[in-house]
Amino acid sequence: MASGFSFGFAGDDIEDDGQQSPSQVNNVSAPTPSAAPSASAFPVQGKPLLPPTHHDIGHMLSRLPSKIAYSLLDVELEEGKTIQIPRRELWDVRVQLMAEDDGSNISETEPGLGEHDVKTGIYEGGFKSWESSVDLVKVLASENAPTILNRDPCVLMELGCGTALPSLALFQWAMNERKSEEKQPLTLVLADYNPSVLYLVTLPNFLLAWALAQRESTPALADAFSLEDEVELLPGVVEAFKEFLASNQITLSFLSGGWSPEFIELLYNSGLPSNPTGNVQTLVIGAETIYSPFALESFVATLLLILERERKERPSGHASSIIGAKKMYFGVGGSLDDFVNRMSGLGASVESLREESEGVRRGVVRCFLSS
């Protein structure tokens with residue numbers, strides 16, 4: 001039987017689910033702890049991992065509902081700047097699932113909409129937004145990511161993306177910063193263990209970010225915001241979204257399933273359809289992906305395979321990773337120090353980018369392979 005658990009830390013989950021102001025990132029009550037977790041958080045004995053799968057964006061868009069409700073998360077950056085990142089409301093996800101109801105219990109068919117932060121081997125936390133993902137947004141802004149997006153071809157891979165806050169920030173900066181006629185290719189690979197997370201929150205969040213940024217300049221969006229905090233997917237809206245991506249050389253690619261060598265092969269055979277060459281800047285990001293010893297080992301192996309593959313296939317480019325996590329995941333065994341030691345022991349260079357001491361102690365590190 002799969003065990004479920006909550007990390008049980010104040011401020012762990014910044015999902016408001018419509019119950020409080022989205023800007024109250026530091027005033028969230030702790031999730032309710034569930035039964036004691038097993039020592040190995042993932043996988044579950046007797047349950048195979050979900051197989052790596054590439055999801056066609058056209059098919060995903062065809063499954064969207066007629067409207068999407070959202071809230072805005074305010075993330076404070078350096079020098080008094082703020083970025084607002086849209087997120088689909090979880091109650092809106094539940095409404096969609098009830099409309100598609102086949103008589104089953106939603107909390108059973110979609111465990112992430114029940115009481116658990118993670119249900120091991122079944123649901124990996126993707127419906128919720130985690131504080132380390134906000135830390136990644138802040139680091140990306142301080143690392144001058146908006147300028148790099150305008151200068152070089154870029155490949156961004158977010159492993160364990162969930163609501164994809166860091167990728168959404170990069171997407172918004174790409175829309176705002178890339179003003180020249182000859183835009184550099186940008187490929188965003190969004191990977192989450194659960195395909196339902198990609199369909200129900202990840203892709204909708206990207207469409208929301210585009211709609212909010214382009215509402216004044218896109219005729220198809222003229223009447224899409226007639227309802228407060230909702231975007232109506234009127235005829236032409238989805239097509240306008242696809243046309244925008246194509247005309248701006250932005251590729252969105254979606255992968256689900258467990259991390260494995262098969263996942264890596266799928267990533268490079270199907271997940272990178274544009275596969276840019278030359279002075280490509282490749283960045284792998286992940287937040288809260290190392291919460292248990294097994295998850296840590298699986299993530300480290302996958303990350304190193306990607307960095308090695310990038311070094312081999314794009315020798316004139318540059319590949320690195322930025323990872324955010326808690327200093328310690330009490331009760332399940334993972335820690336940021338263990339991740340740093342493991343990566344360093346396997347030959348990667350690791351440097352600290354950010355330390356957070358308020359509330360739950362967290363950190364952000366950069367990892368790369370020396371040439």
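The figures that follow rest on heavy atoms only: side chains count, while hydrogens, waters and symmetry mates do not.
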> Closest approach of G334 and P293, non-hydrogen atoms and distance?
Replying inline: N-CD, 4.1 Å
> Where is the tightest heavy-atom contact between A240 and T218, given as atom of each residue plus distance?
Replying inline: CB-CG2, 4.0 Å
> Is there a side chain to side chain contact (heavy atoms under 4.5 Å, CB included) between L283 and S320 once you walk through the steps?
Replying inline: CA-CA 5 Å; L283 179 63; S320 64; 3.8 Å; yes
>> Whether the side chain of S321 engages the backbone of C367 through a donor-acceptor N/O pair (distance < 3.5 Å, no angle test) should be reported.
In response: yes
> Around D223, counting heavy atoms of other residues, nucleotides and ligands shown, do more than 12 lie under 6.0 Å from its CG?
Replying inline: no
> What is the ring orientation for Y199 with H59, classed by angle as parallel under 30°, tilted 30 to 60°, or perpendicular over 60°?
Replying inline: perpendicular
> Honestly curious: do F368 and V340 fall in one hydrophobic cluster under the side-chain, below-4.5 Å linking rule?
Replying inline: no
> Any sub-3.5 Å donor-acceptor pair from S298's side-chain atoms to F294's backbone N or O?
Replying inline: no
> Where do L186 and L149 land on the side chain to side chain contact (heavy atoms under 4.5 Å, CB included) test, with the steps shown first?
Replying inline: CA-CA 8 Å; L186 170 62; L149 290 168; 3.8 Å; yes
> Less than 4.5 Å apart, any side-chain heavy atom of T53 and any of H55?
Replying inline: yes
> From L369 CG over to L307 CG, what is the distance, rounded to the nearest 0.5 angstrom?
Replying inline: 5.0 Å
>> Give me the atom names and distance for the closest heavy-atom approach of I285 to P166.
In response: CD1-CB, 3.5 Å
> Step by step, would you call N341 with V350 a side chain to side chain contact (heavy atoms under 4.5 Å, CB included)?
Replying inline: CA-CA 9 Å; N341 292 336; V350 184; over 6 Å; no
> Does any non-hydrogen side-chain atom of L272 lie less than 4.5 Å from one of M157?
Replying inline: yes
> Are any non-hydrogen side-chain atoms of L252 and F241 less than 4.5 angstrom apart?
Replying inline: yes
> Is the backbone of I68 close enough, under 3.5 Å, to the side chain of R88 for a donor and an acceptor to pair up by distance?
Replying inline: no
> Do D229 and S71 have side chains that get closer than 4.5 Å, going by heavy atoms?
Replying inline: no
> When rounded to the nearest 0.5 angstrom, what is the spacing between CD in E297 and CG in D338?
Replying inline: 9.0 Å
>> Determine whether a donor-acceptor pair (N or O, by modelled atom type, separation under 3.5 Å) exists between the side chain of Q172 and the backbone of Q84.
In response: yes
> Any idea how F225 and Y70 line up, ring-wise: parallel (<30°), tilted (30 to 60°), or perpendicular (>60°)?
Replying inline: perpendicular
>> Could you check whether atom CD of E78 has more than 12 heavy atoms from other residues, nucleotides or ligands sitting under 6.0 Å from it?
In response: no
>> Are the side chains of W210 and L221 in contact, using a 4.5 Å heavy-atom criterion?
In response: yes
>> How long is the straight-line distance from NZ of K183 back to CD of Q249, given to the nearest 0.5 Å?
In response: 9.0 Å
>> Tell me if a side-chain donor or acceptor on D56 pairs with a main-chain N or O of G58 at a distance below 3.5 Å.
In response: yes
> Are the side chain of S256 and the backbone of F254 linked by a donor-acceptor contact shorter than 3.5 Å?
Replying inline: no
>> Is any side-chain heavy atom of V75 closer than 4.5 Å to one of L165?
In response: no
> Going by an N to O cut-off under 4.0 Å, is there a salt bridge joining R311 and E308?
Replying inline: no
>> To check you understand the geometry: which heavy-atom pair defines the closest contact between E143 and I148, and what is its length?
In response: O-CD1, 4.2 Å
> Going through the distances and angles, do K327 and E356 end up as a side chain to side chain contact (heavy atoms under 4.5 Å, CB included)?
Replying inline: CA-CA 9 Å; K327 287 290 189 176; E356 190 66 56; over 6 Å; no
>> Using a strict threshold of under 4.0 Å (side-chain N to carboxylate O), is an ion pair present between K326 and E131?
In response: no
>> Can you tell me how far apart CZ (F171) and CG (N176) are? Round to the nearest 0.5 Å.
In response: 10.0 Å
> Do the side chains of I306 and I264 get nearer than 4.5 Å, heavy atoms only?
Replying inline: yes
> Between CZ of F299 and CG of L304, what distance do you get to the nearest 0.5 Å?
Replying inline: 9.5 Å
> Have E288 and S132 got a donor and an acceptor in their side chains that come within less than 3.5 Å?
Replying inline: yes
>> I need the minimum non-hydrogen distance between L198 and D192, along with the two atoms involved.
In response: CD2-CB, 3.8 Å
> Which heavy-atom pair separates V189 from G271 by the least distance, and what is that distance?
Replying inline: CG2-O, 3.6 Å
>> With a 4.5 Å cut-off on side-chain heavy atoms, are M343 and L303 touching?
In response: yes
>> If we check side chain to side chain contact (heavy atoms under 4.5 Å, CB included) with L61, which of these qualifies: L233, L203, V237?
In response: L203
> Say you draw a straight line from OG of S133 to CG of L73; how long is it, rounded to the nearest 0.5 Å?
Replying inline: 8.0 Å
